[in-house]
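Written out below as structure tokens is the structure these notes cover.
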Protein chains: 2
Amino acid sequence: MSRFSTAFVVWQNAAMRDEVDDLVEAWGRERGDLDLDPVEVFSRISRLSRHLDLARRDAFTAHGIESWEFDVLAALRRAGEPYELSPGRLLRETLVTSGTMTNRVDRLTDRGLVQRLPDPHDRRGVLVRLTVEGKAAVDGAFEALLAAEADLLADLPDEDRARLAGLLRQLLAPFS
Amino acid sequence: MSRFSTAFVVWQNAAMRDEVDDLVEAWGRERGDLDLDPVEVFSRISRLSRHLDLARRDAFTAHGIESWEFDVLAALRRAGEPYELSPGRLLRETLVTSGTMTNRVDRLTDRGLVQRLPDPHDRRGVLVRLTVEGKAAVDGAFEALLAAEADLLADLPDEDRARLAGLLRQLLAPFS
DNA sequence: ATTGATTGTCTTGATGTCGAGACACTTCCA
DNA sequence: TGGAAGTGTCTCGACATCAAGACAATCAAT
């Protein structure tokens, strides 16, 4: 199958139709003077992102946590032992503002998933540490997320996945 | 060039590195037991979507409108003459709730970009119609958006764009 | 040592969105 | 023709987020 995946893709593309095809068709009727190629890529990325958010939400609620909770817990989990980060580092990782992060850490503390500790090296600072319960929650949720995402990729041959990841990397790299 | 574009991609992938490579590396250190392939695709889609939102915001503010305004105006514009849709149709197009749409139409009416009309065929209903000013605003903003998005695609050869769009369609089609 | 600038965190007020419910009109069927 | 179910829109209360500013501790330079 992998040797023929490109032909397979071409065949599928011809047969398959998605919401964005309708969108492009409508714009083409109204603004035939414009090159709509960018819409073919970016509108699909936006819509996939929205669907993905919903899939994430579903996967996480089965594990009793919400998406924003996962974002924070996952950043701490990725940091490795002892699973500690400053609020400032957390808000840079998760791209939210400081007020939002204060609120999030408050609620995660109430739920017993993280705890706040004074930073021994900087008396202005605080460290947020994952609790044992928090680590278990994020590990379970991450496994559920990977399973849900793997389902979404099920129809895509390995070779196409790698190609897709590579093309997306080319788009994303300039931002990093 | 087109004949060698696949090899070109492979070479670029080897040379280029993005934020998600770091993310996957960190997860791999902590959870080497998991298959992180889905992250390579979906995390890039999420992050690109976020960057794209910012690029959209920039392109639109240059034209004096906001992203949520564009979403509503563009749905009306795509509908074609006479640029009218019901609030219910608008909220299905833009995936927001009815309360949100009421609020948005209120503000767009205040700005003179749309007007509310009674639906002649259904006395329960209302039609939202693009004004002349609204049509000019959305056309200008759309052109700016396409230009900004074309910039983001500038480094990607035509063949790769088409391949990327096709792969994304395969992921998106099951949702549609 | 003292001053000034910087960094890190939290507080406050405003805003946009969602979800649930209310209300009006329409459609269907007896 | 009458009543019930359905549809379309709007209102209201709760909530998470953001932006700006306040406050405390640290660092750098004289």
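Per chain, numbering begins at 1; letters A, B, ... match sequence-line order.
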Provide, to the nearest angstrom, the distance between the CG atom belonging to B/Leu108 and the P atom belonging to C/dG16. 12 Å
B/Thr61 side-chain N/O to B/Arg57 backbone N/O, donor-acceptor pair under 3.5 Å: yes
Looking at A/Arg107, I'd like to know whether one of its side-chain N or O atoms comes within less than 4.0 Å of OP1 or OP2 on D/dT17. yes
Mind checking B/Gly99 for me? I need base, sugar-phosphate or nothing, with any heavy atom below 4.0 Å counting as a touch. base
Between A/Arg124 and A/Ser98, which residue's closest nucleotide on DNA chain C lies nearer the 5′ terminus? A/Arg124
Below 4.0 angstrom from OP1 or OP2 of D/dT7, is there any side-chain N or O of B/Arg92? no
Length of the CG-P vector between A/Asn103 and C/dT11, whole Å: 10 Å
Among C/dT11, C/dT26, D/dT9, which nucleotide has an atom closest to any side-chain atom of A/Thr102? C/dT11
A/Thr100 vs D/dT17: side-chain N/O to OP1/OP2 distance below 4.0 Å: no
For a quick check of understanding: with a heavy-atom distance under 4.0 Å over all strands, which category does A/Arg116 fall into, base, sugar-phosphate or nothing? sugar-phosphate
Rounded to the nearest Å, what distance is computed from the CG atom of residue B/Leu85 to the C1' atom of nucleotide D/dG8? 15 Å
A/Asp119 CG to D/dT26 C1': how many Å, rounded? 12 Å
Taking for each residue the nucleotide of DNA chain D bearing the nearest heavy atom, is the 5' side occupied by A/Val96 or by B/Met101? B/Met101
Is there a donor-acceptor pair under 3.5 Å between the side chain of B/Thr109 and the backbone N or O of B/Gln115? no
Base, sugar-phosphate, or nothing: which does A/Asp122 touch, judged by heavy atoms less than 4.0 Å apart? sugar-phosphate
Atom CZ of B/Arg123 and atom C1' of C/dC23: how far apart are they, to the nearest Å? 16 Å
Which heavy-atom pair separates B/Glu84 from B/Ala79 by the least distance, and what is that distance? O-CB, 4.5 Å
Measure from the side-chain N and O atoms of A/Arg78 to the backbone N and O of B/Glu30, and report whether any donor-acceptor pair falls under 3.5 Å. no
In whole angstrom, what separates A/Leu91's CG from C/dT7's C1'? 12 Å
For A/Leu95 and A/His121, find the nucleotide of DNA chain D closest to each by heavy atoms; which residue's nucleotide sits nearer the 5' end? A/Leu95
Roughly, in whole Å, what's the span from CG in B/Leu54 to P in D/dC18? 11 Å
Does B/Thr131 use its side chain to pair, donor to acceptor, with the backbone of B/Gly112 at less than 3.5 Å? yes
Protein-nucleotide distance (A/Leu127, atom CG; D/dA25, atom P), rounded to Å: 17 Å
Would you say A/Arg104 places a side-chain N or O within less than 4.0 Å of OP1 or OP2 belonging to D/dA16? no
